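Comments concern the structure below.
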Amino acid sequence: MRDKPQNLQLNAHGELQHLLTIEGLPREILTRILDTAAPFTEVAEREVKKLPLLRGKSVFNLFFENSTRTRTTFEIAAKRLSADVINLNINTSSTAKGETLLDTVDNLVAMQADMFVVRHAASGAPHLIAGHLANIGNRHIHVVNAGDGRHAHPTQGLLDMYTIRHYKKDFSQLTVAIIGDVLHSRVARSQIHALTILGVPEVRVIAPKTLLPSAVERMGVRVFHDMTEGLRGVDVVMTLRLQNERMQGALLPSPQEFYKSYGLTPEKLQQAKPDAIVMHPGPMNRGVEIDSVVADGAHAVILPQVTFGIAVRMAVMSMLAGG
Ligand code: CP
């Protein structure tokens, strides 16, 4: 039987061994990651953007699914920590010849890997790797989930929390709305877990019924199907991409219909507080979940999210493997 993620994530001293999901992590660890990330934002302003925390370590980026932001910022973060970074090109790897995920992992273990950063279309793939490492008695290699299926995207959730804390300072008074395709979104799941663990008093989801998981209220959120009601008085607006690649069957009449009801336009955004921030994990579908005027407007902090992602990933990697 496989260990629960929590057992795999924390070592005997209660410290991070792997980062597989935000669900169930102690608030103290989330806060420590955000606090650790803060000074790393300044590394980018130095002439030599390097720290020696991962010198001599080998970080393997294993992206079995497409990525622009996550893969690149993990690579930048690892290089800023002085690690050796190996980007496995999945399309030209022996995965294409039928090698299994765990056989690939065993071969990379034999190459003295220190960390695997894993993105996979199958929910649970990073957990499978972490469980396999435990089964073969390897406590040295760390696994970071860079997005698995619709399950979790913990570093995205963490960089989103860093962004909120940067602009709003305190989680304890906030109302946060997450809009759109919650059903297929690993980002939304990680955001909801992080927001509730950090003590945000009101987390809303705004979506048509077809794009919400059943019993989503059990995650501690308030459900709205109407944008005017759901956006009223919110401090933070988090938009989500329609995840067409994960949709089975017709859950929506059309992207145009979705935009009419749930696309974030300047008019709908007026319901939020005047100083509300607008976030999006990327990649954006302009004119579907968000209007270009909002995406490029004064409320948007979408590109700062990407920049903060480097520092947050440096924090995670240094806490895991930096001693
Ligand atoms: N936010 C995010 O995961 O983007 P990528 O798919 O480009 O990594």
Side-chain angles (χ1 to χ4, degrees), residues 19-23 33-34 37 59-80 85-91 115-127 143-164 166 176 178-195 211 236-247 264 277-286 288-290 294-296 300-317:
L19 180 62
L20 307 174
T21 175
I22 290 177
E23 185 177 7
I33 294 170
L34 303 187
V59 174
F60 283 71
N61 272 334
L62 311 179
F63 278 65
F64 294 85
E65 208 190 52
N66 294 348
S67 169
T68 297
R69 281 145 289 270
T70 312
R71 201 202 64 72
T72 314
T73 53
F74 263 113
E75 181 170 352
I76 296 168
K79 285 181 171 168
R80 286 200 182 156
V85 183
I86 299 95
N87 293 306
L88 192 70
N89 185 337
I90 300 301
N91 293 330
M115 189 180 298
F116 295 132
V117 178
V118 183
R119 168 165 292 191
H120 206 288
S123 298
H127 179 267
V143 180
V144 183
N145 182 358
D148 62 328
R150 53 165 96 171
H151 170 233
H153 194 345
T155 57
Q156 180 69 45
L158 287 164
L159 76 88
D160 291 339
M161 296 309 109
Y162 189 93
T163 306
I164 293 173
H166 177 85
V176 178
I178 301 171
I179 309 169
D181 185 3
V182 179
L183 179 65
H184 303 98
S185 176
R186 57 195 176 207
V187 172
R189 277 172 188 72
S190 291
Q191 289 170 335
I192 292 168
H193 289 306
L195 291 164
L211 292 183
V236 178
V237 186
M238 302 171 106
T239 46
L240 298 171
R241 183 174 67 85
L242 276 185
Q243 323 254 316
N244 291 310
E245 73 277 18
R246 296 199 189 100
M247 285 189 199
L264 188 63
I277 56 170
V278 172
M279 301 170 65
H280 193 303
M284 281 188 287
N285 289 314
R286 291 168 182 263
V288 180
E289 68 265 2
I290 191 164
V294 178
D296 301 327
V301 296
I302 295 166
L303 294 178
Q305 283 176 262
V306 178
T307 308
F308 291 142
I310 299 171
V312 168
R313 289 174 173 131
M314 286 172 78
V316 168
M317 288 195 277

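Counting starts at 1 for both ligands and their atoms, following the listed order. A quick note: this is a predicted structure, and the numbers were derived from the prediction, not measured.
In this comparison of Gln156, Glu65, Arg119, Arg186, the heavy atom closest to atom 6 (O) of ligand 1 sits on Arg119.
Here the heavy atom of the protein found nearest to atom 1 (N) of ligand 1 is Pro281 O, 2.8 Å. The shortest contact between atom 4 (O) of ligand 1 and any protein heavy atom is with Arg69 NE, 3.1 Å. The shortest contact between atom 2 (C) of ligand 1 and any protein heavy atom is with Thr70 OG1, 3.4 Å. Of the protein's non-hydrogen atoms, Thr68 N, 2.8 Å is the one closest to atom 7 (O) of ligand 1.
Contact atoms of ligand 1 toward Gly282: 1 (N), 2 (C), 4 (O) (distance under 4.0 Å to a heavy atom of the residue).
With hydrogens and angles disregarded, no donor-acceptor distance shorter than 3.5 Å links the side chain of Asn145 to the backbone of Pro126. With hydrogens and angles ignored, the 3.5 Å screen pairs no side-chain donor or acceptor of Asn87 with any backbone N or O of Asn61.
Salt-bridge annotation for Asp296 and Arg286: present, with a side-chain N of the basic residue lying under 4.0 Å from a carboxylate O of the acidic one.
Judged by the shortest distance from any of its heavy atoms, Gly147 lies outside the 4.0 Å radius around the atoms of ligand 1.
Annotation: side chain of Pro281 is not in contact with side chain of Met238 (no heavy-atom distance under 4.5 Å).
Under a cutoff of 6.0 Å and an axis angle of 45°, Arg119 and Phe63 do not form a cation-pi pair.
Between the CE atom of Met314 and the OG1 atom of Thr73 there is a distance of 11.5 Å, given to the nearest 0.5 Å.
Inclusion of Arg71 in the set of residues having an N or O under 3.5 Å from an N or O of ligand 1 is not warranted.
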